[in-house]
Amino acid sequence: MSETQTLHAAFAAKIDAVLDALEAEAVLPAGVARGNVAVEPPRDPAHGDLSTNAAMVLAKQAKTNPHALAEKLVEKLSTDPLIEAAEIAGPGFINLRLDDSNWLREIEAIAALQGDYGRSTRGAGRTVNVEYVSANPTGPMHMGHCRGAVVGDALAALLEYAGHPVVREYYVNDAGAQVQTLARSAHLRYREALGEDIGEIPEGFYPGDYLKPIGKALADEFGDSYVGAPESEWLTIFREKSVAAMMDMIRADLAMLGIHHDVFSSEAVLQAAGKPEAAEAWLRSHDLVYDGLLEAPKGKVLEDWEAVELPLFRSTRFGDDQDRPIRKSDGNWTYFGADLAYHMQKAEQADELIDIWGADHAGTVKRIKAAVAALSEGQGKPIPFDVKLVQMVQLLRNGEPVKMSKRSGNFITIADMVEEVGKDVVRFTMLTRKPEAQMDFDFAKVVEASKDNPVFYVQYAHARISSTLRKAAAEGITPSGDHLDLLGVDEMSLVKQAAQFPRQVEAAAQAREPHRIAFYLYDLAAAFHAYWNLGNDDAEKRIILTDNVDLTASRLFLAVQVAQVIRNGLALLGVEAVEEL
RNA sequence: GCGCCCGUAGCUCAGCUGGAUAGAGCACGAGACUUCUAAUCUUGAGGCCACAGGUUCGAAUCCUGUCGGGCGCGCCA
């Protein structure tokens, strides 16, 4: 067994073994379906450390009632020396209270594994490709990209920690009309850099000042040779140069958030390699692409609608409202046509795919899922594919919406945000809400130093531990695990909270919900703050007792492990733990 | 009109894929600093889990419908 088997998993295995035994005794039918058997900590700690619904779920199959079956289970579980008590409760729950030795060993496990405590092999080496951000390379990263970027990055880290090789990927849309507009806008700035008065930036061009340095660089490189030249001579080169510059800028913005991708896939390269043609050919050979008339969009009245014959993908076969064109009437690929080929390419290199999209792209989920489902059939293996939609963030300042106008490029960039409130605040705040719910981000509130602000609350717990260790060191006491048996019931409840971490990681990874880690850390911090304050009422419960070195060393040892778990959790969120506030 | 997401305490939100008496924070009431950081803790009050049906031992959670809010809906990206 791997060294990271969790306490929780170990007891789940014990219960499984008992069910095996009951099968052997024909109390349960052979091969009984156990899919719904759950082993988890009860909500109410008074009910014990672990609880299972096995008797309730299996009673019908065993042709008996839950209580009778529970008695058989309890009988066997009670003989385990690591189980202090097994009791039947409520409609047939079995509550287990674990022997304290389990928890003491868990403290030692944290100490031994350190940064790897909570890491698991559950992912079984299955490679997951996580595509996130993928903002168009036409300007700096702004707020609209931020949440998806943070959620995608935390999810990638979480999956990695749970045993998946992870590819962090960014799809660069460098082949469409928008990057042509970028090139033309850069050409304006190029002429400006050469001294021409270009006046107001016309409609249909990107107005932002961020293109000025690009214009300057182009002027430095090419002189005035493209000033009066026809577009055909400079469009491609200007496009490539400005996209490259935009991507440098985007990478720098992402780096401010601590985000780094492994792979940047270019749409232009994908097309040059003929990937969309290959996808089309395969789909046509399976009757999944046909030439047909594109229907007018439903529910909208369009006077100028003209049905045109186009190559259409049969996404209706997979639940979409209508079949979707993969090429435009000028023969070029639609965004969808190229994206389809792109997903095919990703699927060749990974076992599972996850896309993180903004909620404004929700309308295209069905067609891309349809496409991957179709490709799945072609590959002869299912390609698990998940699109996570990240809802909008509303920016506020003291409760007032922050105004943004796209015109004149006056929007809040990620760089602005990070400079104002800091990377850790941005990341943690974005992860304290489930991604599919809308959220407000109030610049004033997120920097508040109070328990209303989870970032500080968790950081404060870590800082308090650091400060305690400094104080103890000054008293000449260092943490030691030699006398952990001196620890009492208050310490046990803190350990129990810390020991939930591996299970939380697994559950969060399985559900693809990194925000669960943030909420868990808040709870762990609360448990520590509560433990700390016991010393306010009872001086004997203070961590540092200069007249009891062994107990103090043991409490410090525990505190060190709690800090370790906080660090491990924060690391998954990409937030740094601090030594002091 | 259609699709997707959301609706839980006065406010902001959790709720571990169907479990036991639905939980936190803010705000409100009452308490705890000669201290290892009171940036914290303890405690009280506060609920038709939007509404109506259904599924089953059991529903905030799953299904159907209604209402309310958000996002989206051309060969754009």
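Lettering follows sequence order; numbering is per chain, from 1. Keep in mind the model is a prediction, meaning the values are calculated, not measured.
Electrostatic pairing of A/K434 and A/E513 does not count as a salt bridge here, judged by no charged N lying under 4.0 Å from a carboxylate O. With respect to A/E280 and A/R327, a salt bridge is recorded, a charged nitrogen being found less than 4.0 Å from a carboxylate O.
Note on residues 518-530 of chain A: pairs passing side-chain hydrogen bond (donor to acceptor under 3.5 Å, both in side chains), not counting sequence neighbours, are A/R464-A/H529. Listed by first and then second residue, the side-chain hydrogen bond (donor to acceptor under 3.5 Å, both in side chains) pairs involving residues 537-551 of chain A are A/D490-A/K541 (not counting sequence neighbours).
Ring geometry for A/F519 against A/H515 counts as perpendicular: the plane angle is over 60°, on a 0 to 90° scale with 30° as the lower cut. Below 30°, between 30° and 60°, or above 60°: for A/Y342 and A/Y171 the angle between ring planes is below 30°, a parallel geometry. Classified by interplanar angle (parallel below 30°, tilted 30° to 60°, perpendicular above 60°), the ring pair A/F441/A/F443 is perpendicular. Between A/F336 and A/F313, the ring planes lie tilted relative to each other; the angle falls in the 30° to 60° range.
Side-chain atoms of A/D360 and base atoms of B/rA77 include no donor and acceptor less than 3.5 Å apart. Taking 3.5 Å as the limit, the base of B/rC75 and the side chain of A/S329 contain a donor-acceptor pair of atoms between them. A donor and an acceptor atom never sit less than 3.5 Å apart when one is taken from the side chain of A/T334 and the other from the base of B/rA77.
Rounded to whole Å, atom P of B/rA20 lies 17 Å from atom CD1 of A/I94. In this structure, the NE2 atom of A/H515 is 12 Å from the C1' atom of B/rU17, given to the nearest Å.
Among B/rG19, B/rA77, B/rG74, the nucleotide with an atom closest to any side-chain atom of A/L294 is B/rG74. The nucleotide whose nearest atom lies closest to any side-chain atom of A/N136 is, among B/rA77, B/rG15, B/rC75, B/rA77. Checking B/rC2, B/rC16, B/rA77 against every side-chain atom of A/D321, the shortest atom distance belongs to B/rC2. The side chain of A/F519 approaches B/rC13 more closely than any other nucleotide in the set B/rC75, B/rC13, B/rG19. When distances run from any side-chain atom of A/T364 to the nucleotides B/rC57, B/rC71, B/rA77, the shortest one goes to B/rA77.
Within residues 540-558 of chain A, the residues approaching RNA chain B are A/R542, A/I543, A/I544, by heavy-atom distance under 4.0 Å.
If you check the side chains of A/E169 and A/S265, you find a donor sitting under 3.5 Å from an acceptor.
Residue A/Q459 is out of contact with every strand shown, counting any heavy-atom pair closer than 4.0 Å. Using a 4.0 Å heavy-atom criterion, one finds that A/V308 contacts the bases of the nucleic acid, with or without backbone contacts as well.
In this structure, A/T334 contributes its side chain and A/I326 its backbone to a donor-acceptor pair below 3.5 Å.
Residues passing the side chain to side chain contact (heavy atoms under 4.5 Å, CB included) test with A/H47 are A/P42, A/D44, A/N95, sequence neighbours excluded.
Across all strands shown, B/rU61 has no partner, as no Watson-Crick or G-U wobble contact with both distances under 3.5 Å is found.
The side chain of A/K328 contributes no N or O atom lying less than 4.0 Å from OP1 or OP2 of B/rC75. For the OP1/OP2 pair of B/rC16 and a distance below 4.0 Å, the side-chain nitrogens and oxygens of A/R516 include no atom meeting the criterion.
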Short heteroatom pairs, N/O only, protein and nucleotides 38-40 of chain B, under 3.5 Å:
unit_1	atom_1	unit_2	atom_2	d
B/rA38	OP2	A/R464	NH2	2.5
B/rA38	OP2	A/W532	NE1	3.2
B/rU40	OP1	A/K451	N	2.7
B/rU40	O2'	A/R464	NH1	3.0
B/rU40	O2'	A/N533	ND2	2.6
B/rU40	O2	A/N533	OD1	3.0

N/O contacts under 3.5 Å, protein versus nucleotides 4-10 of chain B?
unit_1	atom_1	unit_2	atom_2	d
B/rC5	O2'	A/E436	O	2.4

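Remark: A/R314 is positioned above the aromatic ring of A/Y290, its terminal NZ or CZ atom under 6.0 angstrom from the ring centre and at most 45 degrees off the axis.
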